[in-house]
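Below: one structure, written as structure tokens.
When a ligand or atom number is given, it counts from 1 through the structure's own listing order. Numbering of residues begins at 1 and proceeds along the displayed sequence.
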Amino acid sequence: MTMKVFNSLSKKEEPFAPAADGTVGLYTCGPTVYNFAHIGNFRAYVFEDILRRTLEFNGWKVRQVQNLTDVDDKTIRGANAAGVPLADYTRPYKDAFFADLKTLNVEPAEVYPAATDHIPEMIALVEKLVEKGFAYKAPDGSVYFSVRKFPGYGRLAHIDFDSQQTGARCAGDEYDKENAGDFALWKAWEPSDGPVGWDSPWGRGRPGWHIECSAMSMKYLGETFDMHTGGIDNLFPHHENEIAQAEAATGKPFVRTWMHCAHLKVNGEKMSKSLGNFFTLRDLLAKGWSGREIRYVLINAHYRSSLNFAFDSLEDARKSLRRIDEATAKATDGEKPEWALRHLDDFSAAVNDDLNIPKAFAALFELVRETNSKGGAGVLGVFKRMDEVLGVVFFGKAAEEDVPAEITALLEKRAEARKAKNWAESDALRDEIAKAGWTVKDSKDGQSVSRRI
Ligand code: AMP
Ligand code: ZN
């Protein structure tokens with residue numbers, strides 16, 4: 001089956017296949033680790049997970065690189081306000097990011113490069129741009145990319161900048177197309193940077209935000225690679241600048257296919273830190289929603305349509321998942337029946353049609369309906385195959401299956417303590433299990449355990 005995806009560069013749906021040897025090189029812009037990511041950010045990461053899983057569903061290998069922005073205006077401001085070294089400030093947010101990805105059943109990328117570990121690569125790229133005449137040092141010691149020297153600028157955003165290029169410099173990492181101008185590759189040290197800074201050929205300073213993604217993607221995926229993704233707000237200026245930096249330096253095309261997901265909104269506005277209209281994953285878990293239910297909501301809209309976040313959709317997700325669970329409980333291994341394979345074909349056509357997950361869910365629910373009417377003999381394999389992409393049907397089951405023996409032993413001891421109504425002992429054992437990285441849940445049916453995430 002041919003996979004088709006919407007390429008932001010051509011603004012068209014195009015057939016997709018990796019350029020070489022069955023492996024897809026995929027770069028996904030990662031979090032700025034100055035705070036906990038909100039579920040708007042996770043919409044982007046979960047969309048990228050669906051993309052990755054669909055590529056794997058099609059039989060390709062994926063080499064995914066996702067950066068961690070651990071030096072920028074916001075991380076520096078946070079670290080200096082807290083009076084701690086930058087690395088100490090960002091560490092807990094990096095850890096939280098990985099824990100949250102697990103909670104949402106996101107498959108890990110192959111490489112998670114942090115910006116602060118790649119300063120020499122960034123300096124080398126900036127040097128190349130200066131040598132080739134695409135970048136210049138400003139009077140304050142910062143280095144800027146000269147937008148008017150790069151004729152293709154605006155190609156991704158589909159904006160003709162010729163008449164607008166003023167050559168004015170924008171020091172901030174974020175700007176809109178009305179204020180487009182030369183952007184910072186390297187920022188000279190300022191007193192507000194405090195102890196944060198690196199030596200460079202242009203003096204002490206730090207990288208601009210955009211350069212890290214060009215430098216690190218090319219390091220791990222080569223000068224030209226298959227796919228690059230992010231939220232739609234990354235398209236301009238961040239991705240436009242990545243293209244300019246990379247292509248000006250190498251003279252080669254940077255990325256073949258660009259994909260962007262639409263925003264998660266709240267009451268019609270983008271969910272964002274600055275508007276204060278956000279929920280972190282932790283906020284929702286604390287309200288009693290599970291990672292599985294949240295993942296369901298985030299994936300169950302086409303990635304190019306904006307999605308309005310509402311608690312009703314979590315209620316619906318809970319009900320839908322219950323229906324799926326009831327059906328999979330009846331499903332068994334064995335030869336897959338013809339009628340079930342037809343739903344798998346529909347599912348496969350849907351995911352390969354620019355990741356049409358709502359349509360893929362429709363195929364899954366047809367399978368649920370027919371399992372309920374015809375019985376589940378041989379259907380388990382079809383549910384499993386669909387779940388390779390969705391990651392919600394058997395969510396967390398793998399973690400339950402490999403509970404280590406010492407945890408099982410503690411659980412048994414705790415079950416006895418609870419039978420004897422020895423609540424202090426029961427609590428102490430729960431704490432011991434928690435220290436080992438597992439969370440116990442008590443219900444009418446007894447205890448269940450999951451890896452603490
Ligand atoms: P940031 O940490 O702001 O650089 O954002 C990390 C990722 O989340 C980027 O790919 C953004 O485009 C994406 N993002 C931020 N806010 C939203 C939102 N409300 N909906 C979808 N994606 C978002
Ligand atoms: Zn990026």
Side-chain angles (χ1 to χ4, degrees), residues 8 26-51 64-75 78 90 93-94 96-97 100-101 104 106 109 111-115 118 122 125 156 172-174 183 185 207-221 225 227-246 254-255 258-281 294 297-299 301-310:
S8 308
L26 170 65
Y27 189 89
T28 54
C29 285
T32 305
V33 282
Y34 74 110
N35 210 325
F36 297 109
H38 57 68
I39 56 163
N41 302 126
F42 282 109
R43 183 182 192 200
Y45 308 138
V46 166
F47 141 68
E48 287 150 354
D49 184 53
I50 290 287
L51 170 63
Q64 182 186 354
V65 179
Q66 181 159 49
N67 66 303
L68 302 170
T69 300
D70 58 355
V71 51
D72 80 320
D73 294 344
K74 291 179 274 197
T75 43
T90 56
Y93 300 121
K94 289 182 185 174
F97 170 66
D100 288 354
L101 289 184
L104 290 171
V106 170
V111 195
Y112 287 104
H118 294 78
M122 293 186 230
L125 185 55
L156 179 65
D173 286 328
E174 289 286 8
F183 59 91
L185 299 168
W209 170 40
H210 312 289
I211 196 75
E212 71 183 72
C213 288
S214 299
M216 302 196 293
S217 61
M218 291 198 285
K219 171 168 177 170
Y220 294 103
L221 296 171
F225 59 92
M227 282 188 147
H228 193 317
T229 66
I232 191 74
D233 57 332
N234 279 164
L235 190 147
F236 188 84
H238 183 52
H239 291 162
E240 192 73 58
N241 292 355
E242 279 189 47
I243 296 176
Q245 295 163 150
F254 177 44
V255 172
W258 288 87
M259 291 174 74
H260 294 94
C261 80
H263 283 145
L264 183 69
K265 296 191 169 176
V266 182
N267 298 326
E269 281 188 303
K270 178 192 171 190
M271 181 178 285
S272 71
K273 291 266 163 59
S274 53
L275 291 174
N277 60 352
F278 65 92
F279 292 101
T280 64
L281 188 59
I294 299 162
V297 169
L298 293 178
I299 65 176
H302 192 270
Y303 75 93
R304 288 196 286 119
S305 312
S306 59
L307 168 61
N308 206 50
F309 176 75

Give the residue, atom name and distance (to 0.1 Å) of the protein heavy atom nearest atom 8 (O) of ligand 1.
N41 ND2, 3.1 Å
Taking the six-membered ring for Trp, are H239 and H260 parallel (under 30°), tilted (30 to 60°) or perpendicular (over 60°)?
tilted
Return the orientation label for the W258 and H228 ring planes: parallel under 30°, perpendicular over 60°, tilted otherwise.
parallel
M271 heavy atoms, cut-off 4.0 Å: which ligand 1 atoms fall inside?
16 (N), 18 (C), 19 (N)
Given the side-chain rings of H38 and F309, with only the six-membered ring counted for Trp, is the space between their centroids under 6.0 Å?
no
Non-hydrogen atoms of F278 versus ligand 1: any pair closer than 4.0 Å?
no
For atom 12 (O) of ligand 1, the protein heavy atom that lies nearest, with its residue and separation
D233 OD1, 2.3 Å
Please could you name the atoms of ligand 1 that N234 approaches to less than 4.0 Å, counting only its heavy atoms?
9 (C), 10 (O), 11 (C), 12 (O)
Can you measure from CG (L156) to CG (L235) and round to the nearest 0.5 angstrom?
4.0 Å
Looking at H263, which atoms of ligand 1 are within less than 4.0 Å of one of its heavy atoms?
17 (C), 18 (C), 20 (N), 21 (C)
Out of curiosity, Y112 OH to K94 NZ, how far, rounded to the nearest 0.5 Å?
13.5 Å
Under 2.8 Å from the Zn ion (ligand 2), is there an N/O/S atom belonging to C213?
yes
How wide is the angle at the Zn ion (ligand 2) between SG of C29 and NE2 of H238, to the nearest 10°?
120°
Over-ring placement of K273 relative to Y34, 6.0 Å and 45° cut-offs:
yes
Heavy-atom proximity to atom 23 (C) of ligand 1, picking from P31, G40, G231, points to G40
Do E212 and N67 meet the criterion of a side-chain donor-acceptor pair at a distance under 3.5 Å?
yes
Ligand 1 versus H38: contacting region, heavy-atom distance under 4.0 Å:
side chain
I want to know whether F254 and F225 have ring centres closer than 6.0 Å.
yes
among protein heavy atoms, the one nearest atom 20 (N) of ligand 1 is L264 N, 2.8 Å
Give a yes/no on ligand 1: does A262 have at least one heavy atom closer than 4.0 angstrom to it?
yes
Looking only at side chains, do N308 and S306 share a donor and an acceptor under 3.5 Å apart?
no
Can you pull out the closest protein heavy atom to atom 6 (C) of ligand 1? Residue, atom name and distance to 0.1 Å, please.
Y45 OH, 3.1 Å
Residue, atom name and distance, where the atom is the protein heavy atom closest to atom 2 (O) of ligand 1
T32 N, 3.3 Å
